[in-house]
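These notes concern the structure reproduced below.
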Amino acid sequence: MAASPARERSASAGLLSIGQVLARLTPEFPDLTSSKLRFLEVQGIVSPSRTDSGYRKFSASDIERLRLGLTLQRDHYLPLSVIREQLDEADAAGDSTPLLPPPSIAPSPRRYRRDELLAAAGAGPQLLNDAISTGVITAQESYPEATVTLLRGLVALDRHGIEPRHLRSLRQGAEREVALIESAMSALLRRTDAASRAKASELAPELASRIDEVRSLFVKDALSRVLS
């Protein structure tokens, strides 16, 4: 018999869902997605518990393992197999001290607070507010370098009367392109072995590049008709 909602809430008290984990960690790791979380689970980086209904639930120790694992992957370029071994060794030692990554071999990517973002992009507060409200930019506590570049582009377009609301369809188009790529790689993504995941990681940017080339040609062709 299925567990009652009250029983599941009791069993999950103090634990986080995938969405809550993403909300907590994506400010520090913007590339983290639910798919990547599931992949890290398959690779043994984290082992969340499950409710009777099968939903993943992450504990505080799971969050620490994820944070350290993602840091080691980002700053030290370690393979997941090595990261898993290091995490397991730390757990086996039984040390209650929070896991801390070693000093980074590469500088951490620059993050910008809201005021720093506006200054770096030369943008006004209203333009950023409009970009966030229309979904062109996702609101965060701090922003990566890519958002600076994006906001600079919005500043340049705004001078010609092209506002963030006009670009909403571009963002939606990007989401559709990602869905197209995901569909093309569905056979690979269904597999859980490391080789298939590595191949998918290589294939996705290649497909995105090809789609970008085709889109660029479409735009150039349409623009030539406008100017002819």
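Residues take their numbers from the sequence shown, with the count starting at 1. Every heavy atom of this structure was used, including side-chain atoms; hydrogens, water molecules and symmetry mates were not.
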Next on the checklist: Could you walk me through whether Y112 and V148 satisfy the side chain to side chain contact (heavy atoms under 4.5 Å, CB included) test, starting with their C-alpha distance in whole Å, then the side-chain angles of each, then the deciding distance to 0.1 Å, before giving a yes or no?
Outcome noted: CA-CA 8 Å; Y112 295 80; V148 177; 3.7 Å; yes
Checklist entry - Passes side chain to side chain contact (heavy atoms under 4.5 Å, CB included), R50 versus R56? Steps please. => result CA-CA 5 Å; R50 299 288 187 111; R56 294 170 175 84; 3.2 Å; yes
Checklist entry - What's the verdict on side chain to side chain contact (heavy atoms under 4.5 Å, CB included) for K36 and L70, showing C-alpha distance, side-chain angles and the deciding distance? => result CA-CA 11 Å; K36 185 169 184 178; L70 291 167; 4.0 Å; yes
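Scanning both residues, A184 and L207, for their nearest heavy atoms gives CB-CD1, 4.3 Å. The heavy-atom pair separating L189 from A200 by the smallest distance is CD2-CB, 4.2 Å.
Using a 3.5 Å distance cut-off with no hydrogens or angles, the side chains of S59 and D62 do pair a donor with an acceptor. Checked by atom type, the side-chain pair S35/T33 shows no donor-acceptor distance below 3.5 Å.
Expressed to the nearest 0.5 Å, how far CZ of R210 lies from CG of L203 amounts to 11.0 Å. Taking OG of S216 as the reference point, atom CD1 of I211 lies at 13.5 Å (rounded to 0.5 Å). Annotation: the span from L117 atom CG to L128 atom CG amounts to 5.5 Å, rounded to 0.5 Å. Note that CG of L167 is 8.5 Å distant from CG of L150, once rounded to the nearest 0.5 Å. L87 CG to S61 OG: the interatomic distance, rounded to the nearest 0.5 Å, is 11.0 Å.
Residues L72 and I63 fall within the same hydrophobic cluster, defined by Ile, Leu, Val, Met, Phe, Trp and Tyr side chains chained together at heavy-atom separations under 4.5 Å. Hydrophobic clustering of Ile, Leu, Val, Met, Phe, Trp and Tyr side chains at less than 4.5 Å, counting indirect connections, keeps V42 apart from L40. A single hydrophobic cluster is seen to contain both L80 and L68, as judged by linkage of ILVMFWY side chains at heavy-atom distances under 4.5 Å, directly or through other members.
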When the side chains of residues 168-177 are checked against the rest of the protein, which donor-acceptor pairs come out under 3.5 Å, sequence neighbours left out?
| unit_1 | atom_1 | unit_2 | atom_2 | d |
| --- | --- | --- | --- | --- |
| R171 | NH1 | G135 | O | 3.4 |
| R171 | NH1 | V136 | O | 2.6 |
| E177 | OE1 | R215 | NH2 | 2.9 |
| E177 | OE2 | R215 | NE | 3.0 |
| E177 | OE2 | R215 | NH2 | 3.2 |

Output a table of donor-acceptor pairs, distance under 3.5 Å, between side-chain atoms of residues 16-32 and any protein atom two or more places apart or on a different chain; print 'none' if there are none.
| unit_1 | atom_1 | unit_2 | atom_2 | d |
| --- | --- | --- | --- | --- |
| S17 | OG | Q20 | N | 3.3 |
| S17 | OG | Q20 | OE1 | 3.4 |
| Q20 | OE1 | S17 | N | 2.8 |
| T26 | OG1 | L22 | O | 2.5 |
| E28 | OE1 | R67 | NE | 3.3 |

What pairs of donor and acceptor atoms, side-chain ones from residues 152-162 against any protein atom, are under 3.5 angstrom apart with sequence neighbours left out?
| unit_1 | atom_1 | unit_2 | atom_2 | d |
| --- | --- | --- | --- | --- |
| R152 | NE | A120 | O | 3.2 |
| R152 | NH2 | A120 | O | 3.1 |

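S47 is not listed as a side-chain neighbour of E41, based on a closest heavy-atom distance of 4.5 Å or more. Side-chain atoms of L151 and Y143, non-hydrogen and from C-beta on, never get closer than 4.5 Å to each other.
Among residues at least two apart or in separate chains, side-chain hydrogen bond (donor to acceptor under 3.5 Å, both in side chains) pairs with a member in residues 116-136 are R113-E116, R114-N129, Q126-D130.
Environment of CD in E141: sparse, with no more than 12 heavy atoms of neighbouring residues, nucleotides or ligands closer than 6.0 Å.
The main-chain N or O of I45 is found under 3.5 Å from a side-chain atom of R65 such that the two form a donor-acceptor pair. Although no hydrogens or angles enter the test, the distance criterion places a donor-acceptor pair under 3.5 Å between the side chain of T51 and the main chain of S53. S209 contributes no side-chain N or O that, together with a main-chain N or O of E206, makes up a donor-acceptor pair within less than 3.5 Å.
Residues forming a side-chain hydrogen bond (donor to acceptor under 3.5 Å, both in side chains) with R225 (at least two apart in sequence, or on another chain): D221.
Other members of the cluster containing V178 do not exist, because no ILVMFWY side chain is joined to it at under 4.5 Å.
Each of Q86, E85, R84 was checked for a side chain to side chain contact (heavy atoms under 4.5 Å, CB included) with D88, and the lone residue meeting it is R84.
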